[in-house]
Amino acid sequence: MLLLGRAQNAMVMLLLWAALWMVSAAVCGAIANALPGVTPFESPSMLVRIGVFGVSMAAIAVVMLNLVVWEPPLRRRARRVLSRAWALFRRLLRDVFGLAFISGRRLAVAVGLGVIAAFVAFGAGYLLGLVPVLAESVPATDARVEAVGGAPAWVPAVFFATYAAAPEEIAHRGALLVAVAVVGASTSNRWVRGIVTVAALVGTSWVFGLVHLDWSLLNAVSAGVTGAIFGVVAIATRSLWAGIVAHALFNALVFIL
């Protein structure tokens, strides 16, 4: 029964993770597309569908909890289900993704590490661009670049910083932190933890590179290296905050420098 409860909690948290990712993608996409002079990269209806699908994932999570809460009065049952779902969501944000509200010194550390990671990643990308086989790869046309073609000079950097940073960090470095959390809860053997953590870092970085392969080989390799850098920061801080800052600044630097 205890094992069943843990498995159910894990499934609910995975659904809430998917919901968080989709809703953040819809919100960030809407904000980016609303910037002055931007030709919407995605239609409002598409963003609404993504957001609705994310909310649906959260609703499925609540339904899963509802199946095991047997309180005869409907009002009490609904209150218990929603309370448990909220507790699991807070646990996902705070304990797994480290996305609790931060201020003061912790905020300064997150921003500082994010800035450092962004410039390290940018430098690594520049060096990779000097490798002949990568430099010769022809980049594909990016519809997002065309979307900001007629916008004021400051908009492209803000657009790319807003559009992808948070959703991609929640998806990719989020997967890394989930793996770290799972192995941390499963064993106290530091060697096993270390091996799984390194494997998760390599795996999520590799996937992050693959999803950028449509643009060019250079973009894919650079994204893989960048993902590894942001992943190291996420592991070190047990949080996505610094990675989100780094990702947003890195995307902005591409257009500023």
Side-chain angles (χ1 to χ4, degrees), residues 17-58 97 99 107 110-111 114-115 117-126 128-129 137-174 207-227 229-230 240-257:
W17 173 24
L20 177 65
W21 169 46
M22 292 177 192
V23 171
S24 69
V27 171
C28 291
I31 293 172
N33 286 334
L35 291 171
V38 173
T39 302
F41 173 66
E42 290 160 331
S43 66
S45 61
M46 172 63 75
L47 294 173
V48 169
R49 284 197 294 270
I50 294 172
V52 169
F53 196 61
V55 172
S56 299
M57 292 293 100
F97 294 157
L99 288 177
L107 176 61
V111 172
V115 170
F119 278 98
V120 170
F122 190 82
Y126 175 79
L128 288 170
S137 62
V138 180
T141 301
D142 190 339
R144 293 172 298 180
V145 175
E146 297 177 351
V148 297
W154 60 271
V155 168
V158 177
F159 176 89
F160 279 91
T162 305
Y163 181 84
E168 289 188 349
E169 289 305 302
I170 290 171
H172 297 278
R173 259 57 68 190
V207 171
F208 189 59
L210 280 183
V211 300
H212 289 80
L213 186 57
D214 285 347
W215 285 276
S216 70
L217 179 60
L218 173 60
N219 198 310
V221 175
S222 178
V225 173
T226 298
I229 294 170
F230 296 167
L240 294 179
W241 281 129
I244 291 173
V245 172
H247 200 144
L249 179 56
F250 175 84
N251 285 357
L253 287 173
V254 172
F255 291 90
I256 294 173
L257 301 180

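None of the values given here were measured: they were computed from a predicted structure. Reckoned from all heavy atoms, side chains included, excluding hydrogens, waters and symmetry mates.
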### Message
Using the ring pair (Phe, Tyr, Trp, His ring centres under 6.0 Å) criterion, which residues pair with His172? Sequence neighbours excluded.
### Response
Phe208

#### Entry: Exercise: identify the closest heavy-atom pair between Ala124 and Val225
CB-CG1, 4.0 Å

### Message
How close do Leu35 and Val155 get, counting heavy atoms only, and between which atoms?
### Response
CB-CG1, 4.0 Å

### Message
A side-chain contact here means heavy atoms from C-beta on lying under 4.5 Å apart; do Phe97 and Leu20 qualify?
### Response
yes

### Summary
Nearest heavy-atom contact between Leu47 and Ala26 is O-CB, 3.3 Å

### Message
Using a 3.5 Å distance criterion without hydrogens, assess whether the side chain of Trp241 forms a donor-acceptor pair with backbone atoms of Gly114.
### Response
no

### Query
Which pairs, with at least one residue in residues 28-37 and sequence neighbours excluded, count as a side-chain hydrogen bond (donor to acceptor under 3.5 Å, both in side chains)?
none

#### Entry: Closest approach of Pro36 to Pro152 (non-hydrogen atoms, all atoms of both residues)
O-CD, 3.4 Å

### Task
State the CD-CH2 distance between Glu169 and Trp21, to the nearest 0.5 angstrom.
13.5 Å

### Task
Please report the closest heavy-atom contact between Ile170 and Trp17, naming both atoms and the distance.
O-NE1, 2.9 Å

### Task
Would you check if Leu249 and Phe122 make a side-chain contact, meaning some heavy-atom pair closer than 4.5 Å?
no

### Query
Closest approach of Ala121 and Phe230, non-hydrogen atoms and distance?
CB-CE2, 4.1 Å

### Query
Out of curiosity, Glu168 CD to His247 NE2, how far, rounded to the nearest 0.5 Å?
4.0 Å

### Query
Is there a side-chain contact between Thr226 and Phe250 (heavy atoms, below 4.5 Å)?
yes

### Query
What do the steps show when you test Val38 against Phe159 for side-chain contact (heavy atoms from CB on, under 4.5 Å), and what is the final call?
CA-CA 9 Å; Val38 173; Phe159 176 89; 3.8 Å; yes

